[in-house]
Chemist: 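Provided herewith is a single structure, encoded as structure tokens, for subsequent inquiry.
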Amino acid sequence: MDRQLAADPPLSLASGVVVLEHEPPGPDGRLGPPPGGQVVLSVLSPEALTREPEEVNAAVSRATDPGLPPVIIVEAAEELREEHLAVLVSAAERADRVAIVRIIADA
């Protein structure tokens with residue numbers, strides 16, 4: 001996924017609306033819990049974001065702790081396209097909050 005995003009970054013990444021940070025896995029090879037956020041939604045693939053944008057909006061809006069950004073976990077991601085990011089950006093804008101998206105790339 002790193003190569004795909006570097007070679008052909010979606011508009012949201014290229015414009016700076018979305019910021020990409022890499023989290024190294026822990027000693028066991030797994031990612032720990034997201035730092036400083038409240039997990040509000042986990043989806044099995046990026047395509048779930050575009051199939052159910054209303055669920056993404058609702059999840060971000062119903063985050064209960066105003067001091068913690070809502071976190072959405074996207075699993076089994078082979079690629080991340082602009083239409084996937086657009087749903088996430090729209091949900092964050094509607095809720096007037098910064099949101100964290102954790103992408104778990106397919107190995």
Side-chain angles (χ1 to χ4, degrees):
M1 179 170 295
D2 285 338
R3 285 187 291 263
Q4 176 251 326
L5 291 174
D8 187 21
L11 181 60
S12 295
L13 278 178
S15 70
V17 172
V18 174
V19 177
L20 180 65
E21 292 184 10
H22 297 273
E23 293 270 333
D28 62 356
R30 303 179 70 167
L31 290 173
Q38 174 189 10
V39 176
V40 296
L41 182 66
S42 181
V43 296
L44 296 177
S45 72
E47 289 74 22
L49 301 170
T50 54
R51 279 194 309 268
E52 299 180 27
E54 63 284 342
E55 179 60 28
V56 177
N57 287 329
V60 172
S61 294
R62 72 176 168 254
T64 57
D65 189 332
L68 294 176
V71 177
I72 298 171
I73 298 174
V74 180
E75 299 184 38
E78 292 181 13
E79 70 176 334
L80 192 60
R81 296 188 308 266
E82 182 60 34
E83 60 261 28
H84 304 137
L85 290 172
V87 172
L88 298 164
V89 169
S90 175
E93 287 175 342
R94 285 176 184 228
D96 196 26
R97 302 184 73 164
V98 170
I100 297 172
V101 180
R102 174 165 277 183
I103 307 294
I104 311 295
D106 261 352

Chemist: Do you know which two heavy atoms are closest between I100 and P69, and how far apart they sit?
Modeler: CD1-CG, 3.6 Å
Chemist: Side chains of E75 and S42, heavy atoms from C-beta outward: is any pair under 4.5 Å?
Modeler: yes
Chemist: As an exercise, state the distance from CG of L88 to CD1 of I72, rounded to the nearest 0.5 Å.
Modeler: 5.0 Å
Chemist: Closest approach of A76 and L44, non-hydrogen atoms and distance?
Modeler: CB-O, 3.3 Å
Chemist: For D96, look at atom CG and say whether over 12 heavy atoms of other residues, nucleotides or ligands are found less than 6.0 Å away.
Modeler: no
Chemist: Shortest non-hydrogen contact from A59 to L41?
Modeler: CB-CB, 3.8 Å
Chemist: Give the intermediate values and the outcome of side-chain contact (heavy atoms from CB on, under 4.5 Å) for residues V60 and R94.
Modeler: CA-CA 9 Å; V60 172; R94 285 176 184 228; over 6 Å; no
Chemist: Which atom names give the shortest non-hydrogen contact between R81 and E47, and what distance separates them?
Modeler: NH1-OE2, 3.9 Å
Chemist: So, are R62 and E55 salt-bridged, with charged N and O less than 4.0 Å apart?
Modeler: yes
Chemist: For T50, does its backbone N or O pair with a side-chain atom of E83 as donor and acceptor, under 3.5 Å?
Modeler: no
Chemist: For G37 versus V71, what's the shortest heavy-atom pair and its separation?
Modeler: CA-CG2, 3.6 Å
Chemist: Closer than 3.5 angstrom, by distance alone: can the side chain of Q38 be matched with the main-chain N or O of A63 as a donor-acceptor pair?
Modeler: no
Chemist: Once rounded to the nearest 0.5 Å, what's the spacing between atom NE2 of H84 and atom CG of L49?
Modeler: 6.5 Å
Chemist: R97 side chain to L68 main-chain N or O, any donor-acceptor pair under 3.5 Å?
Modeler: yes
